[in-house]
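Below is one structure, written out as structure tokens; comments come after it.
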2 protein chains.
Amino acid sequence: MPPTTTAERHLRADARRNRDKILVAAEAAFRAQGLAVQMEDIARRADVGVGTLYRHFPTKEALVVELSTRRFGTCIAQAEKALESSDGWAAIESFVNTNAEQMSRDVGLRDTFTAAGKDDERCRGERRQLERRLADLLDRARDEGGLRPDVTAQDVQALMCGLSGAIASGGDWRRLARIILAGLRSPS
Amino acid sequence: MPPTTTAERHLRADARRNRDKILVAAEAAFRAQGLAVQMEDIARRADVGVGTLYRHFPTKEALVVELSTRRFGTCIAQAEKALESSDGWAAIESFVNTNAEQMSRDVGLRDTFTAAGKDDERCRGERRQLERRLADLLDRARDEGGLRPDVTAQDVQALMCGLSGAIASGGDWRRLARIILAGLRSPS
DNA sequence: ATTATCTATAGATCTATAGATAATGC
DNA sequence: ATTATCTATAGATCTATAGATAATGC
């Protein structure tokens with residue numbers, strides 16, 4: 001559930017409608033074309049003038065941050081869901097595979113991992129929270145002996161960025177995820 | 001040794017000098033700032049007007065292709081040198097580590113791997129040749145039993161792109177290279 | 001005489017805004 | 001009456017060129 005700020009609650013009916021259309025359109029545009037897509041394109045997809053787009057999001061950065069935050073949120077939720085698995089190593093496999101598959105279908109997600117919101121406090125917060133969840137996953141798997149003992153959450157975060165690049169360059173996510181997971185697995 | 005084309009041989013003394021200065025400046029600019037650096041910046045570094053830069057390289061793409069080709073060339077040479085090693089697996093380790101270390105110091109190299117010259121025949125040729133050398137390295141290591149049997153040259157190329165992204169996102173190249181190499185190693 | 005260089009600026013490609021017009025809701 | 005929308009365009013930020021000026025080499 002997105003944070004319904006005070007500003008959003010008092011929105012006029014048409015404004016509310018347009019805001020929703022913009023978010024849907026931007027989501028689709030980012031997924032298909034990445035964060036570099038033009039504001040004009042997003043407005044066209046939403047069937048709205050660019051002026052309206054800028055009324056709702058004062059800068060492109062603000063729009064990118066809004067949607068990147070949501071993507072990070074999904075990713076964090078996936079990490080938490082994976083944590084429910086009974087087996088520590090299976091949780092990590094599940095997390096990496098799920099994300100790799102999603103990145104293969106979503107340029108915006110790849111861009112989010114590698115580039116989005118480096119200067120935005122909200123995005124940085126999400127990154128930190130993801131790192132914490134990742135650390136939880138790793139701690140458990142390490143305790144159970146499934147994980148190579150020296151792997152850190154930062155390593156895995158960097159590897160997820162790497163995975164996004166590798167997928168973008170035409171690699172098969174299944175094969176790449178398998179290799180990276182094998183690299184993380186404890187050498188038994 | 002760069003290919004001394006006919007055009008380059010007949011260059012007037014000052015033109016020859018400026019061309020060299022431009023190549024040195026562009027190399028340094030790409031290394032420090034990546035391929036997105038501005039032509040004006042490169043010209044300034046070379047102590048030359050932008051007009052001169054454009055006289056020698058008709059488009060920015062041409063300059064990027066020239067320097068990316070060189071980077072690919074170095075990389076191919078490293079693969080060939082690694083191939084001289086007596087041990088197949090050691091050759092792969094050496095290749096991956098060398099490149100990872102270089103990528104950590106050279107934004108231009110990272111950009112070259114992930115983005116450069118996708119539309120240029122010369123660059124595509126270099127990519128293919130690198131892939132062939134990589135395949136040679138893999139074949140041998142596989143025969144010797146050191147390599148996970150299903151790994152392809154394309155996988156490794158994608159992983160090198162990934163490594164570049166992972167390093168760009170702040171990862172430690174030593175740790176990342178170790179994990180990826182462990183993933184490629186045969187599970188014995 | 002020819003070939004190369006420089007500066008100033010045209011042109012392309014975006015983000016963002018101004019200000020005239022239209023839709024909402026009290 | 002207020003709030004939102006639209007189109008046309010300003011502004012920023014690049015790449016690339018025109019055309020007047022300078023350096024080279026026969």
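Note on naming: letters A, B, ... go to the chains in the order of the sequence lines (proteins, then strands), and numbering restarts at 1 for each one.
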Consider the side chain of [X], meaning its heavy atoms from C-beta on, and name the nucleotide among [options] that approaches it most closely.
X: B:Met39; options: D:dT15, C:dA16, C:dT5; result: D:dT15
X: A:Ala13; options: C:dT5, D:dT17, C:dG25; result: C:dG25
X: B:Tyr54; options: D:dT15, C:dT5, D:dT3; result: D:dT15
X: A:Lys60; options: C:dA16, D:dT3, D:dT17; result: C:dA16
X: A:Leu11; options: C:dT5, D:dA4, C:dT24; result: D:dA4

Handout entry: Watson-Crick/G-U partner (both atom distances under 3.5 Å) of D:dA12
Key = C:dT13

Practice task
Determine which nucleotide pairs with C:dA4, using a 3.5 Å limit on both distances of a Watson-Crick or G-U wobble pair.
Solution key: D:dT21

Exercise for the section: Mark yes or no for a side-chain to base donor-acceptor pair under 3.5 Å between A:Arg12 and D:dT3, with no hydrogen or angle criteria applied. Expected result: yes

Report yes if at least one side-chain N or O of [X] is closer than 4.0 Å to OP1 or OP2 of [N]; otherwise report no.
X: B:Thr52; N: C:dC6; result: yes
X: B:Asn18; N: C:dA4; result: no
X: B:His56; N: C:dA4; result: no

Over how many whole Å does the gap from [X] atom [atom1] to [N] atom [atom2] extend?
X: A:Leu53; N: C:dT17; atom1: CG; atom2: P; result: 12 Å
X: B:Arg44; N: C:dC6; atom1: CZ; atom2: P; result: 14 Å
X: A:Asp14; N: D:dC6; atom1: CG; atom2: P; result: 9 Å
X: A:Ile42; N: C:dA16; atom1: CD1; atom2: C1'; result: 14 Å
X: A:Arg17; N: D:dT5; atom1: CZ; atom2: C1'; result: 12 Å
X: A:Gln38; N: C:dT13; atom1: CD; atom2: C1'; result: 7 Å
X: A:Asp47; N: D:dT5; atom1: CG; atom2: P; result: 13 Å
X: B:Arg55; N: C:dC6; atom1: CZ; atom2: P; result: 12 Å

Exercise for the section: Would you classify B:Val48 as touching base, sugar-phosphate or nothing, given that sugar-phosphate means primed atoms plus P, OP1 and OP2, and contacts are heavy atoms under 4.0 Å? Expected result: sugar-phosphate

Practice task
Indicate whether any N or O donor in one side chain lies under 3.5 Å from an N or O acceptor in the other, for A:Gln102 and A:Gln78.
Solution key: yes

Practice task
Taking the side chain as every heavy atom from C-beta outward, state whether B:Ser169 and A:Thr114 have any atom pair closer than 4.5 Å.
Solution key: no

Between the side chains of [Y] and [X], is the shortest nitrogen-to-carboxylate-oxygen separation below 4.0 Å, so that they form an ion pair?
X: B:Glu121; Y: B:Arg124; value: yes
X: B:Arg17; Y: B:Asp14; value: no
X: B:Glu101; Y: B:Arg174; value: no
X: A:Asp120; Y: A:Arg122; value: no

Fill in the blank from the handout: Between A:Glu40 and B:Val50, whichever has its closest DNA chain C nucleotide further toward 5' is B:Val50

